[in-house]
Student: 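Please read through the structure below; I'll follow up with questions.
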Amino acid sequence: MEKETLLGTENNEREGEVLTKKRRIFVGVVFTLILLGIISFFIEGDTNSYYISDDDGGDCPYNNYTITTCNDPEDPVLQGADVVAYFDDENDDAIIGSSEYSSTYRGYLFYFIDEINQSIFDEDPHAFAPKYGGFCSFGLSGEDPRNDVKYLTQLSTVPADIDTYAIVGERLYMFRGSGAKDLFLESFDDLSTNADDLWESWFGESCDGYYDT
């Protein structure tokens, strides 16, 4: 009886050790998969969080990706702000347009306050559409101490405040805040060149890229 009891105890111990090892292996595999998922999110080229329309001009490297963040084409660009109204000197802040006056450009919705602004936009959309898709220009310049953006997967980290903007060279630039705007305009030539180079490295020279909605 004692021998049988001892053998039973030893068998239980061995089974316990085997189960412990299996648990450790399982936990290790799960941890590795989670770590790989986190790493892949930050690797350049993972664009599954963004959308770009087939009708974008030029040879666009990224087309029709699943929507998960920051630029759902079913929402209006810049939360519905009328991009033509930004060019009116009398407007200090964004003027929100209406779905009643809307146009689709590059697969994205643009809202306007009236039929006049809608018509103006439709005649030359590229002239009124915001640079860098309406994302923060300073955030894309490479000089933002709060955010060193290098990869396309980081684009959602540089949204803009629709009330903070500047018209330079007849183009609309958006910013996350007044401080970012001032710093960008102080060194406009250098910082806009940096932002242009980064944007073109993602989308090429002839592709508008993504828009902030």
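Since the model is a prediction, treat every value here as computed from it, not as a measurement.
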Student: Using the side chain to side chain contact (heavy atoms under 4.5 Å, CB included) rule, take N147 and V158 through it: C-alpha gap first, then chi angles, then the decisive distance, then the call.
Tutor: CA-CA 8 Å; N147 200 348; V158 286; 3.6 Å; yes

Student: Are the side chain of D88 and the backbone N or O of E90 linked by a donor-acceptor pair below 3.5 Å?
Tutor: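 At least one qualifying donor-acceptor pair exists.
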
Student: Could you measure the distance from the NZ atom of K150 to the CH2 atom of W202? Nearest 0.5 Å is fine.
Tutor: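 K150 NZ to W202 CH2: 12.0 Å, rounded to 0.5 Å.
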
Student: Grab the two heavy atoms, one from Y165 and one from D92, that are nearest each other, plus how far apart they are.
Tutor: CE2-O, 3.3 Å

Student: Kindly give the heavy-atom pair with the smallest separation between F121 and V84, and that separation in Å.
Tutor: CB-CG2, 3.8 Å

Student: If every non-hydrogen atom of M174 is compared with every non-hydrogen atom of P130, which pair is closest and at what distance?
Tutor: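 For M174 and P130, the tightest heavy-atom pair comes out as CG-CB, 4.2 Å.
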
Student: Evaluate the side-chain proximity of E123 to Q118: yes if any heavy-atom separation is below 4.5 Å, no if none is.
Tutor: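 Q118 vs E123: side chains apart.
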
Student: If only atom types and distance count, is the side chain of E200 paired as donor or acceptor with the main-chain N or O of D197 below 3.5 Å?
Tutor: no

Student: Nearest heavy-atom pair of L183 and L191: which atoms, and what distance?
Tutor: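 Heavy atoms of L183 and L191 come nearest at O-CD1, 3.6 Å.
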
Student: To check you understand the geometry: which heavy-atom pair defines the closest contact between A180 and C136, and what is its length?
Tutor: CB-SG, 4.3 Å

Student: Write down the atom of S192, the atom of Y132, and the distance for their closest heavy-atom approach.
Tutor: O-OH, 3.2 Å

Student: If we ignore hydrogens and angles and just use 3.5 Å, is the side chain of D163 paired with the main-chain N or O of A94 as donor and acceptor?
Tutor: yes

Student: May I ask you to check whether F184 and F175 place their ring centres under 6.0 Å from each other?
Tutor: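 Aromatic pair counts; centres sit under 6.0 Å.
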
Student: Just grab all the salt bridge (charged side-chain N to carboxylate O under 4.0 Å, His left out) pairs involving residues 174-187, residues at least two apart or on different chains.
Tutor: D144-R176

Student: Enter the distance from L198:CG to L140:CG here, rounded to the nearest 0.5 Å.
Tutor: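 Going from CG on L198 over to CG on L140, the span is 6.0 Å.
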
Student: Atom OH in Y86, atom CG in D93: separation rounded to 0.5 Å?
Tutor: 9.0 Å

Student: Do the side-chain N and O atoms of S141 and N194 include a donor-acceptor pair separated by under 3.5 angstrom?
Tutor: no

Student: Determine whether more than 12 heavy atoms belonging to other residues, nucleotides or ligands lie under 6.0 Å from atom CD1 of I167.
Tutor: yes

Student: What about the rings of F138 and Y173, do their centers lie closer together than 6.0 Å?
Tutor: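 Distance test on ring centres: not under 6.0 Å, no.
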
Student: Group every Ile, Leu, Val, Met, Phe, Trp and Tyr by side-chain heavy-atom contacts under 4.5 Å, then state whether I95 and L78 land in the same group.
Tutor: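 No.
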
Student: So that I know where these two stand, are Y211 and Y108 an aromatic pair - ring centroids less than 6.0 Å apart?
Tutor: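 Between Y108 and Y211, which both carry aromatic rings, the centre distance is below 6.0 Å.
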
Student: Let me see the working for T157 and V149 under side chain to side chain contact (heavy atoms under 4.5 Å, CB included), right down to the final yes or no.
Tutor: CA-CA 8 Å; T157 67; V149 176; 4.1 Å; yes

Student: Determine yes or no for a side-chain-to-main-chain donor-acceptor pair under 3.5 angstrom, with R146 supplying the side chain and G139 the backbone.
Tutor: no

Student: What distance separates E100 CD from Y111 OH, expressed to the nearest 0.5 Å?
Tutor: 11.5 Å

Student: Grouping I, L, V, M, F, W and Y whenever their side-chain heavy atoms are under 4.5 Å apart, do I162 and I113 come out in a common cluster?
Tutor: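 Shared cluster, no.
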
Student: So, taking the atom named CZ in F110 and the one named OH in Y105, what distance separates them when rounded to the nearest 0.5 Å?
Tutor: 7.5 Å

Student: Let me confirm one number: the CD1-CZ distance from I120 to F112, rounded to the nearest 0.5 Å.
Tutor: 9.5 Å

Student: So Y210 and L155, side chain to side chain contact (heavy atoms under 4.5 Å, CB included) or not? Walk me through it.
Tutor: CA-CA 9 Å; Y210 305 140; L155 187 56; 3.8 Å; yes

Student: Would L152 and F203 count as a side chain to side chain contact (heavy atoms under 4.5 Å, CB included) if you check the C-alpha gap in whole Å, the side-chain angles of each, and the deciding distance to 0.1 Å?
Tutor: CA-CA 10 Å; L152 188 56; F203 302 108; 3.7 Å; yes

